[in-house]
Structures are given as structure tokens and as C-alpha cells.
Visitor: 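Structure incoming, see below.
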Amino acid sequence: MYSNKENINILTALLVAHGIRHAVVCPGSRNAPIVHNLNECPDITCHAVTDERSAGFFALGIAQATDAAVVVCVTSGSALLNVAPAVAEAHYQHQSLIVISADRPAAWIDQLDGQTLWQPGVLAPWVSKTVNLPEIPSPVTTEPSPLTARWHCNRLVNEALLDATSDQHACVHINVPLSEPLFQFTTEALPHERVIQRYAPTTDYDCLPQPLIDDFLQARRPLIVFGQLSPRRFHYEGVENLFSHVLVFHEALAPFTSVSPIDEALAAIGAPIPNEWMPDFILHVGDAIVSKRLKQFLRQATDAHTWRISLTGQVEDTFQNLNGMVVGDAEAILQSMSCKLAKYQCSQPARRAGYRRQWLHLLREAKQTIAAAPLPFGEAAAVKLFEEQLQQVEEPYEVHYANSLAVRLANTYAQGHPVWCNRGVNGIEGSLSTAAGFAAASPSSLVFCVIGDLSFFYDQNALWNQHLSGRLRILLLNNGHGAIFDQLPGLSQSPAASQLVAGAHHTSAEGICQQNGIAHQQAASMEQLQPAIGWLLSPAETACPRLLEVSI
């Protein structure tokens with residue numbers, strides 16, 4: 001049996017009709033009838049997470065793993081505000097979260113009643129659409145009529161879900177005001193609701209903008225730069241010809257299984273960088289780029305013709321010299337460019353080949369230097385050893401890196417796999433919750449999370465979760481502070497640097513693991529590190545997640 005609230009039943013029916021299959025639900029009384037419906041619906045799998053902030057990132061992990069929109073349902077009041085970090089992160093990753101918030105009737109907002117605040121619009125910067133569902137009046141009501149209210153509710157839900165399930169992978173907010181009584185579950189079946197379809201116009205990617213084609217074919221030193229891009233949405237097939245003729249830079253967050261050691265190569269060139277190393281054509285694919293040094297290098301290429309492949313058409317001038325954008329799917333556009341390269345002769349193919357060859361030689365040297373360099377016990381040694389031993393794991397696996405120092409180490413040492421990271425906003429919150437959600441939706445894969453201490457302790461409620469399993473493995477780099485602050489010139493001169501800025505502490509994860517049933521080991525030396533990483537990577541089935549704390 002379903003709720004007697006018609007707006008909830010319309011919402012539930014359309015979630016199913018639009019293909020939504022996962023919902024992360026948080027406790028509360030006002031949203032209880034919505035949670036009841038989601039749980040009652042056989043087409044939707046519910047995941048219960050108590051902490052709303054963690055729930056949002058847990059839903060993000062499911063969205064990453066399934067490449068589909070995911071519901072996160074919260075009660076009224078400040079509960080909604082706690083999902084904002086995850087929604088912002090999902091927005092910049094082009095992952096779709098459908099935030100469903102229960103609300104009090106509008107008459108009670110700002111009247112000193114419990115759990116009331118203005119909810120519509122609070123997520124506005126990061127959602128493509130916010131809708132506030134009407135409550136459906138009784139049949140005897142004349143204004144508005146129940147028929148009009150039903151049509152309005154149906155249209156609003158369709159509008160939101162069309163955005164959430166489109167190729168733009170947008171986040172949306174559906175606010176549901178509910179009057180008491182709340183807990184009457186007397187409806188036998190969900191209603192048959194109108195489903196509105198949206199068809200994008202057919203795009204012929206062979207008709208690329210002529211200025212882009214001209215700039216690309218005439219370039220002597222072309223460069224394609226990949227930022228963060230989901231490996232679920234880009235495949236190498238069809239672009240081999242392009243990539244074999246054009247220099248490609250890709251960090252750990254690009255959809256490839258190798259990393260270009262760009263920071264190390266740029267450091268080897270030194271400053272100022274000679275002109276023969278500078279590109280004269282730049283194509284930016286994907287989203288965020290981690291390396292500050294790479295961004296500074298490309299911002300110096302003021303004479304380069306710079307283009308961007310954009311999923312949304314929003315102006316994102318990362319390198320401060322954007323000439324044009326091509327709106328559409330990166331894989332299809334690059335496949336078309338590959339065909340153009342094969343069809344038309346470049347203006348100076350020998351010069352282009354030489355530019356690519358000199359960079360590849362430098363990148364190979366940088367990679368060999370990284371591999372051969374002995375490392376003392378520390379974060380870099382732990383990540384390098386983890387990545388080396390990971391190559392021996394035969395089971396399917398996915399790897400998440402948290403922000404700050406962790407993802408920068410991935411840019412140097414990750415190999416043989418794509419890297420997941422919440423780089424859309426670059427916040428430290430939610431990395432562990434995201435990995436936990438990813439693991440919950442990936443029953444056939446091990447899911448590893450490499451995370452620093454501040455990120456871990458900030459998101460420790462990710463382990464307060466009944467959906468965790470032994471497939472989740474955590475490598476905690478605990479150096480007692482935010483080590484990224486050590487790299488900021490001049491900060492060490494401040495007496496506030498250690499305690500107040502870098503968050504110095506003496507906290508261990510052992511107690512957190514004990515209270516949440518997480519298997520815990522600690523390594524405090526190189527001698528302890530190797531067997532401990534072997535334990536972390538062991539494919540043996542376990543009932544609970546494993547956490548290796550590297551204490552530095």
C-alpha cells in the first residue's frame with residue numbers, strides 16, 4: 001500500500017517511469033511518507049544513511065558507479081542544507097542527484113514552528129531546476145481544482161526528471177510540502193502518469209565548426225588536454241588515429257589507464273619555458289585539472305588557438321585564452337576530428353610529429369625517474385607501493401582518491417586504472433562516503449579509497465552506514481595535519497600555520513574503526529608497510545571493510 005498523499009504518488013510513479021532505480025533515504029518524520037513509497041516500490045532500491053551530508057556523497061558514489069541519476073531524500077528544515085556540498089560536487093562532475101526534500105506547508109514557514117525554513121531555491125547555484133510540488137486538494141475543492149493541481153504536479157515532476165536524466169546529467173531539487181496527517185498508507189497502486197519525452201536534435205559531428213578544423217589542421221604544435229572525465233562516458237576506440245598524431249596530456253582523473261607525469265616534465269624544462277615546448281593549438285576535453293603547474297603553463301600559451309569541448313555550452317575559460325567551444329559529446333567530436341585528420345593533410349606534418357616526439361621522450365624520462373627514485377617512509381612511498389602491488393590484483397577493482405595531497409600523489413603514481421575523485425569543487429568532505437556509495441553499487445568489484453587524515457576524520461560518518469561491505473578498502477595517510485599546507489610558500493612564517501591552518505592533531509582511526517566494525521591495521525615503518533598493503537589488497541571475502549592507517 002502507498003501513501004494517501006497524491007503528490008507523493010505522482011512523484012513516485014514518475015521516478016519509476018523515468019528509470020530511476022536507486023534512492024538514498026535519511027531518517028525523519030516529515031519525509032516518512034516519501035520514504036515509505038520509495039521502499040514500497042519494487043523498482044527502486046533504497047539505501048538508508050543517517051547523516052545527510054554523508055548521504056549526499058553516498059548517492060554521488062552510486063551515480064558514478066551506475067552512470068544514472070540517484071535520489072537522495074531528506075526531511076524538512078536544516079536536513080536539506082546538509083546535502084549542499086554533495087550537490088555542488090555532483091554539479092561540477094556532471095553527475096545527477098535528484099534531491100527530494102519534504103517540507104512544511106508554506107503557511108508555517110517563519111512562524112517559529114519546528115524544522116521550518118525557506119527550502120525552495122537553497123540549492124539554486126548547483127541544480128538546473130527547483131520545483132515545489134503542490135498539495136492535491138480534495139475533490140470538493142474548486143480553486144485550484146484537483147485536476148489542475150494534478151496536471152501542475154505531473155508537469156513539475158516531469159520537468160525536473162527530464163533535466164536529471166538528460167545527457168547533461170544535471171542535479172535537480174524537488175521540494176514536497178506535506179500537511180498532516182502524514183502516515184495514512186491506503187492507496188493500493190501508483191497512478192498511471194503522463195511521461196513527457198525530450199528528444200535532442202540530431203547532431204552531425206562531421207559538420208564541426210570550420211574555424212576549429214582550420215586551427216587544428218594548420219597547427220604545428222597541437223595539444224589535447226584531458227581534465228576529469230568519467231571513464232563510463234569515454235572510450236578510446238575510434239580516436240586512435242588522432243591520438244597517434246597529436247600530443248595528449250592526461251592526468252589521473254582522465255579516462256585512461258596511464259598518467260602523463262606532466263608536473264615532473266615541466267619541472268625538468270624549467271622556467272621560463274622555451275617557445276619550442278609551447279603549444280599553438282589547445283583542445284580542452286573534460287572538466288577539472290589538478291595540476292596548478294600545468295594550468296600556469298597553458299595560461300602562458302597566449303598565442304595558441306584554444307578550444308573546448310563542452311557538454312553544457314557554459315563558458316569555462318580555464319586557460320584564459322579560449323577561442324571557441326564545441327557543444328556535445330567528447331567521444332563523438334574527437335572521433336570526427338580523427339576522421340578529419342585522416343582525410344585532410346596537415347600543413348606541417350613533420351613539425352607536428354617532432355613536437356609530439358620531443359614531449360613523449362621527456363615524459364618517458366620523467367616516468368623512469370619516478371619509478372627509480374628511492375623514497376623514505378611517508379605518503380609518497382605508501383601510495384607508490386600501493387599502486388605497484390595493485391597491479392597484481394586479478395579481481396575487478398576501482399580506485400578513489402580523496403582531494404588535496406592524495407590526488408596529487410595519484411597524478412604521479414597511479415597506473416593501470418582510471419581514478420575517481422570529487423574534483424568538481426575540490427572539497428575535502430565526502431570522499432569516503434562517495435567511495436562507500438560506489439562500493440554499494442559495485443557488487444563485483446573491490447573499491448579502494450586513498451585518503452588523507454583531515455578528509456577521513458571530516459567524513460568519518462561514512463563508516464556509520466549499514467550498507468558497507470568487505471569490498472570497501474581504505475588506505476588512510478595519517479600525517480597528523482593537512483600536509484598540502486606545507487607546500488604553500490610563506491605560510492610557515494605564521495605561528496598559526498600548524499595548529500590553526502593545517503589542523504594539526506594526534507588522532508588515530510583505530511577507535512572509529514572499532515565502533516563501526518571496520519578491520520584496522522596500522523603501519524608506522526617501511527618494514528610494516530609492505531605486508532600491511534598486501535593485507536589491504538587481499539581479495540579474500542570479508543564481512544567488513546578494511547582500513548590500513550599509515551602513521552607518518
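Side chains included, hydrogens not; waters and symmetry mates left out as well; all remaining heavy atoms used.
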Visitor: Report the relative orientation of the aromatic rings in H250 and F256; use parallel for angles under 30°, tilted for 30 to 60°, perpendicular for over 60°.
Guide: tilted
Visitor: When you check the side-chain N and O atoms of H481 and H505, is any donor under 3.5 Å from an acceptor?
Guide: no
Visitor: Look up atom CD1 in I269 and atom CE in M278, then write down how far apart they are to the nearest 0.5 Å.
Guide: 9.5 Å
Visitor: Applying salt bridge (Lys or Arg N to Asp or Glu O under 4.0 Å) to R233 and D67, what does each step give before you reach the verdict?
Guide: CA-CA 8 Å; R233 299 180 192 157; D67 201 23; 2.8 Å; yes
Visitor: Could you tell me whether the side chain of L242 reaches within less than 4.5 Å of the side chain of I224, counting heavy atoms only?
Guide: yes
Visitor: Any donor and acceptor pair, going by atom type alone, linking the side chain of Q522 with main-chain N or O of V550 inside 3.5 Å?
Guide: no
Visitor: Apply the test side chain to side chain contact (heavy atoms under 4.5 Å, CB included) to residues H22 and V71: give CA-CA distance (whole Å), side-chain angles for both, the deciding distance (0.1 Å), then the verdict.
Guide: CA-CA 6 Å; H22 289 274; V71 166; over 6 Å; no
Visitor: When you measure from the side chain of S96 to the backbone of A164, do you find a donor-acceptor pair of N or O atoms at a distance under 3.5 Å?
Guide: yes
Visitor: Counting distance only, does the side-chain N/O of S166 pair as donor-acceptor with the main-chain N or O of Q168 below 3.5 Å?
Guide: yes
Visitor: Would you say the side chains of R408 and N411 form a donor-acceptor pair under 3.5 Å?
Guide: no
Visitor: If we ignore hydrogens and angles and just use 3.5 Å, is the side chain of Q335 paired with the main-chain N or O of A332 as donor and acceptor?
Guide: no
Visitor: So for atom CD, which belongs to Q514, do other residues, nucleotides or ligands contribute more than 12 heavy atoms lying within a distance under 6.0 Å?
Guide: no
Visitor: Distance only, no hydrogens: is a donor on one side chain within 3.5 Å (strictly under) of an acceptor on the other, for Q64 and Q93?
Guide: yes
Visitor: To the nearest 0.5 Å, how far apart are CE in M325 and OG1 in T306?
Guide: 13.0 Å
Visitor: Please tabulate, one pair per line, all N/O donor-acceptor pairs under 3.5 Å involving side-chain atoms of residues 429-443, not counting sequence neighbours.
Guide:
unit_1 : atom_1 : unit_2 : atom_2 : d
S433   : OG     : S54    : OG     : 2.6
S433   : OG     : D459   : OD1    : 2.9
S433   : OG     : D459   : OD2    : 3.2
T434   : OG1    : F57    : O      : 3.4
T434   : OG1    : N422   : ND2    : 3.0
T434   : OG1    : G430   : O      : 2.7
S442   : OG     : F438   : O      : 2.7

Visitor: May I ask you to test the W307-I282 pair for a side-chain heavy-atom distance under 4.5 Å?
Guide: no
Visitor: Closer than 3.5 angstrom, by distance alone: can the side chain of K295 be matched with the main-chain N or O of I289 as a donor-acceptor pair?
Guide: yes
Visitor: Please determine whether side chain to side chain contact (heavy atoms under 4.5 Å, CB included) holds for the pair L405 and L477, giving the CA-CA distance in whole Å, both sets of side-chain angles, and the decisive distance to 0.1 Å.
Guide: CA-CA 9 Å; L405 181 63; L477 308 174; 5.7 Å; no
Visitor: Within the 3.5 Å criterion, strictly below it, is a donor on E549 or S508 matched to an acceptor on the partner's side chain?
Guide: yes
Visitor: Go through D287 and H94 one step at a time and tell me if the side chain to side chain contact (heavy atoms under 4.5 Å, CB included) criterion holds.
Guide: CA-CA 9 Å; D287 297 318; H94 303 297; 3.0 Å; yes
Visitor: Tell me whether Q391 contacts the main-chain N or O of Q415 through its side chain, where contact means a donor paired with an acceptor under 3.5 Å.
Guide: yes
Visitor: Tell me if a side-chain donor or acceptor on Q358 pairs with a main-chain N or O of G354 at a distance below 3.5 Å.
Guide: no
Visitor: In the structure I gave you, are the side-chain heavy atoms of N479 and E379 within less than 4.5 Å of one another anywhere?
Guide: yes
Visitor: Is there side-chain contact between I451 and I474, with at least one heavy-atom pair below 4.5 Å?
Guide: yes
Visitor: For the pair Y355 (side chain) and W277 (backbone), establish whether a donor and an acceptor sit closer than 3.5 Å, ignoring hydrogens and angles.
Guide: yes
Visitor: Tell me, do W359 and F249 make a side-chain contact under 4.5 Å, heavy atoms counted?
Guide: yes
Visitor: Roughly how far, to the nearest 0.5 Å, is CZ of F456 from CG of D453?
Guide: 10.0 Å
Visitor: When the ring planes of Y397 and H417 are compared, do they come out parallel, tilted or perpendicular, using 30° and 60° as the limits?
Guide: perpendicular
Visitor: Would you find a donor on one side and an acceptor on the other, under 3.5 Å apart, between the side chain of R546 and the backbone of R471?
Guide: no
Visitor: Does any donor atom in the side chain of W420 or E398 lie under 3.5 Å from an acceptor atom in the other side chain?
Guide: yes
Visitor: With sequence neighbours left out, what residues match R21 under salt bridge (charged side-chain N to carboxylate O under 4.0 Å, His left out)?
Guide: none
Visitor: Are R423 and N403 close enough, and set up right, to give a side-chain hydrogen bond (donor to acceptor under 3.5 Å, both in side chains), and what steps lead you there?
Guide: CA-CA 7 Å; R423 199 66 191 179; N403 270 309; 2.8 Å; yes
Visitor: Quick check against the 3.5 Å criterion: does D329 have a side-chain atom that pairs as donor or acceptor with the backbone of I333?
Guide: no
Visitor: Do we get R473 above F386's six-membered ring, with its NZ or CZ under 6.0 Å from the centre and within 45° of the axis?
Guide: no
Visitor: Within the structure provided, determine whether K384 and L375 are in side-chain contact (heavy-atom separation under 4.5 Å).
Guide: yes
Visitor: Enter the distance from Q95:CD to L97:CG here, rounded to the nearest 0.5 Å.
Guide: 8.0 Å
Visitor: May I ask you to decide if the ring planes of F234 and F243 are parallel, tilted or perpendicular, using 30° and 60° as cut-offs?
Guide: parallel
Visitor: For the CG atom of N478 and the CG atom of L548, what is their distance to the nearest 0.5 Å?
Guide: 11.0 Å
Visitor: Just wondering, do F226 and L253 contact through their side chains at under 4.5 Å, heavy atoms?
Guide: no
Visitor: Would you say the side chain of H467 lies within less than 4.5 Å of the side chain of F58, judging by non-hydrogen atoms?
Guide: yes
